[in-house]
Amino acid sequence: MSITLLDVYDRLLAHYGPQAWWPGDSRLEIMVGAILTQNTSWRNVEKAILNLKEEGLFDPFKLQETPQEGLAEIIRPAGYYRLKAKRLQNLMRYVVETHHGDLDAMFACSLSALREDLLALNGIGPETADAILLYAGELPTFVVDTYTARVLKRHGWIEQEADYHQIQDLLVSELPQEVPLYNEYHALLVRVGNAHCRKTPKCDTCPLCELLPPGGIEEGF
DNA sequence: CTCCCGCCGA
DNA sequence: TCGGCTGGAG
């Protein structure tokens, strides 16, 4: 293919400009947001985060200690609230017990070791782990989400059956392995995906419209 | 595959 | 009124 994934990045950046991700101004807030936003619109996550701040719970120790049912009610606007209360406390327990609640110390550990630790926690899969590592830890790992898969597959840049790791592998192999690029690229993919690469695509007004393959791609979404 | 589950726009 | 939302587990 003549178009490279770096060309795609340039095109998205030119069209949308910098996205200033992750929304959230502390490592802890980014980690909490990463859990709460699982299959949930960011709009609802913001309400839950605001609730946590108003309750004065934005601290790994407090989040871990708060009774689970109470925590669940506080984060209720984010949906799946009982499930997410558990997941949030699983993550906070790890932070407290393994890293003494010190996030700066935690992210000074190696990327591969942290990724393995996070994936071992119940409630953290590859996307959430990578989001935490990249956006909270500023460590170089590419976040692959539903939109990333759709955009790449619909344009024929990767096979339809490609899984998370295969998609991540392609991006990493074709791009400079730099945190600012990974950060911005994922944010731009979410932006274009949310606006255009829906289940029912809106290609006519998409900034990547000209990069569609001639005959279209057979897909099964 | 189903379940987890609130919220909002079409 | 309902589909979809910056997923993950069983």
Side-chain angles (χ1 to χ4, degrees), chain A residues 9 12-13 16 18-25 27 29-52 68-94 115-138 141-154 161-168 171 179 181-202 205-206 208 219-221:
Chain A
Y9 172 78
L12 288 173
L13 186 59
Y16 289 113
Q19 300 300 297
W21 267 35
W22 183 289
D25 39 41
R27 289 185 148 155
E29 189 171 334
I30 292 168
M31 293 171 75
V32 170
I35 297 285
L36 295 182
T37 199
Q38 290 174 351
N39 204 32
T40 301
S41 65
W42 186 254
R43 178 189 222 34
N44 294 334
V45 175
E46 285 180 312
K47 297 178 185 173
I49 288 180
L50 186 60
N51 287 349
L52 286 172
Q68 204 163 92
E69 311 76 51
L71 183 60
E73 285 306 318
I74 293 167
I75 63 172
R76 189 170 186 143
Y80 308 95
Y81 54 97
R82 283 187 288 268
L83 186 60
K84 286 176 179 176
K86 285 182 191 165
R87 293 181 176 182
L88 197 48
Q89 293 195 311
N90 287 342
L91 178 58
M92 291 304 111
R93 193 181 318 119
Y94 166 74
R115 192 171 194 274
E116 199 174 330
D117 286 354
L118 290 173
L119 288 176
L121 300 177
N122 186 295
I124 296 191
E127 181 177 343
T128 304
D130 285 328
I132 289 172
L133 292 167
L134 177 64
Y135 290 103
E138 299 174 85
T141 189
F142 204 101
V143 182
V144 176
D145 73 323
T146 307
Y147 293 134
T148 309
R150 264 192 213 149
V151 171
L152 295 191
K153 290 178 181 181
R154 280 179 171 161
E161 299 75 20
D163 62 13
Y164 188 99
H165 184 257
Q166 291 173 306
I167 295 170
Q168 187 180 51
L171 287 156
V179 169
L181 175 67
Y182 286 181
N183 178 320
E184 193 62 47
Y185 207 159
H186 172 66
L188 286 166
L189 284 168
V190 170
R191 180 73 182 270
V192 74
N194 189 267
H196 301 278
C197 221
R198 301 302 199 85
K199 278 205 164 186
T200 307
K202 295 191 281 187
T205 54
C206 180
L208 303 181
E219 58 170 287
F221 288 108

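In what follows, chains are A, B, ... by sequence order, proteins preceding strands, each numbered from 1.
Rounded to a whole Å, the CG atom of A/Asn44 is 13 Å from the P atom of C/dG7. Atoms NZ (A/Lys86) and C1' (B/dC4) sit 10 Å apart, rounded to a whole Å. In this entry the distance linking CG of A/Leu119 with P of C/dA9 reads 8 Å, nearest Å. The interatomic distance linking A/Ile132 (CD1) with C/dG7 (C1') rounds to 12 Å, in whole Å. Summarising the geometry, the separation between OH on A/Tyr80 and P on C/dC5 is reported as 11 Å, rounded to the nearest angstrom. Between the CZ atom of A/Arg87 and the C1' atom of C/dG10 there is a distance of 11 Å, rounded to whole Å. Atom CD of A/Glu127 is separated from atom P of C/dC5 by 12 Å (rounded to the nearest Å). Rounded to whole Å, the distance from CD on A/Glu73 to C1' on B/dG6 is 12 Å.
Of the two residues near DNA chain C, A/Thr128 and A/Cys197, the one whose nearest nucleotide lies more 5' is A/Cys197.
Checking the phosphate oxygens (OP1, OP2) of B/dC4, no side-chain nitrogen or oxygen of A/Tyr81 falls inside 4.0 Å. Phosphate contact (OP1/OP2 of C/dC5, side-chain N/O of A/Arg43, threshold under 4.0 Å): absent. Proximity of A/Ser41 to the phosphate of B/dC8: no side-chain N or O atom is located under 4.0 Å from OP1 or OP2. Close to C/dT6, at under 4.0 Å from its OP1 or OP2, lies a side-chain N or O of A/Asn194.
Within 6.0 Å of CD in A/Gln166 there are more than 12 heavy atoms belonging to other residues, nucleotides or ligands.
In this structure, of B/dC7, C/dG8, C/dT6, it is C/dG8 that holds the atom nearest to the side chain of A/Gln38. Distances were taken from every side-chain heavy atom of A/Lys47 (C-beta onward) to each of B/dC7, B/dC5, C/dC5; the shortest belongs to B/dC7. The A/Trp42 side chain lies nearest to C/dT6 when the options are C/dT6, C/dC5, C/dG8. Residue A/Thr146 has its side chain nearest to C/dG7 when only B/dC8, B/dG6, C/dG7 are considered. When distances run from any side-chain atom of A/Asn39 to the nucleotides C/dG7, B/dG6, C/dT6, the shortest one goes to C/dG7. Closest to the A/Pro77 side chain, of the nucleotides B/dC7, C/dC5, C/dG7, is B/dC7.
Both thresholds, 5.5 Å between centres and 30° between ring planes, are met by A/Trp21 relative to the base of C/dT6, so the two rings are stacked.
At a threshold of 4.0 angstrom between heavy atoms, the contacts of A/Ile124 are confined to the sugar-phosphate backbone, with no base atom among them. Among the atoms of the strands shown, only primed sugar atoms or phosphate atoms (P, OP1, OP2) are found under 4.0 Å from some heavy atom of A/Leu121.
Residues A/Val143 and A/Leu134 share a closest heavy-atom pair of CG2-CD2, 3.9 Å. When every heavy atom of A/Tyr81 is checked against every heavy atom of A/Ile75, the shortest pair comes out as O-CD1, 3.6 Å. Nearest heavy atom pair, residue A/Ala187 against residue A/Gln19, reads CB-CB, 3.6 Å.
When the P atom is used for both C/dT1 and B/dC5, the distance is 23 Å, rounded to whole Å. Going from the C1' atom of B/dC4 to that of C/dG4 covers 15 Å, rounded to whole Å. For the P atoms, the distance from B/dC7 to C/dG8 is 22 Å, rounded to whole Å.
Side chains of A/Glu184 and A/Tyr9 form a contact here, defined as non-hydrogen atoms less than 4.5 Å apart.
In summary, of the residues considered (A/Glu127, A/Arg87, A/Lys84), a side chain to side chain donor-acceptor pair (under 3.5 Å) with A/Gln38 occurs for A/Arg87 alone.
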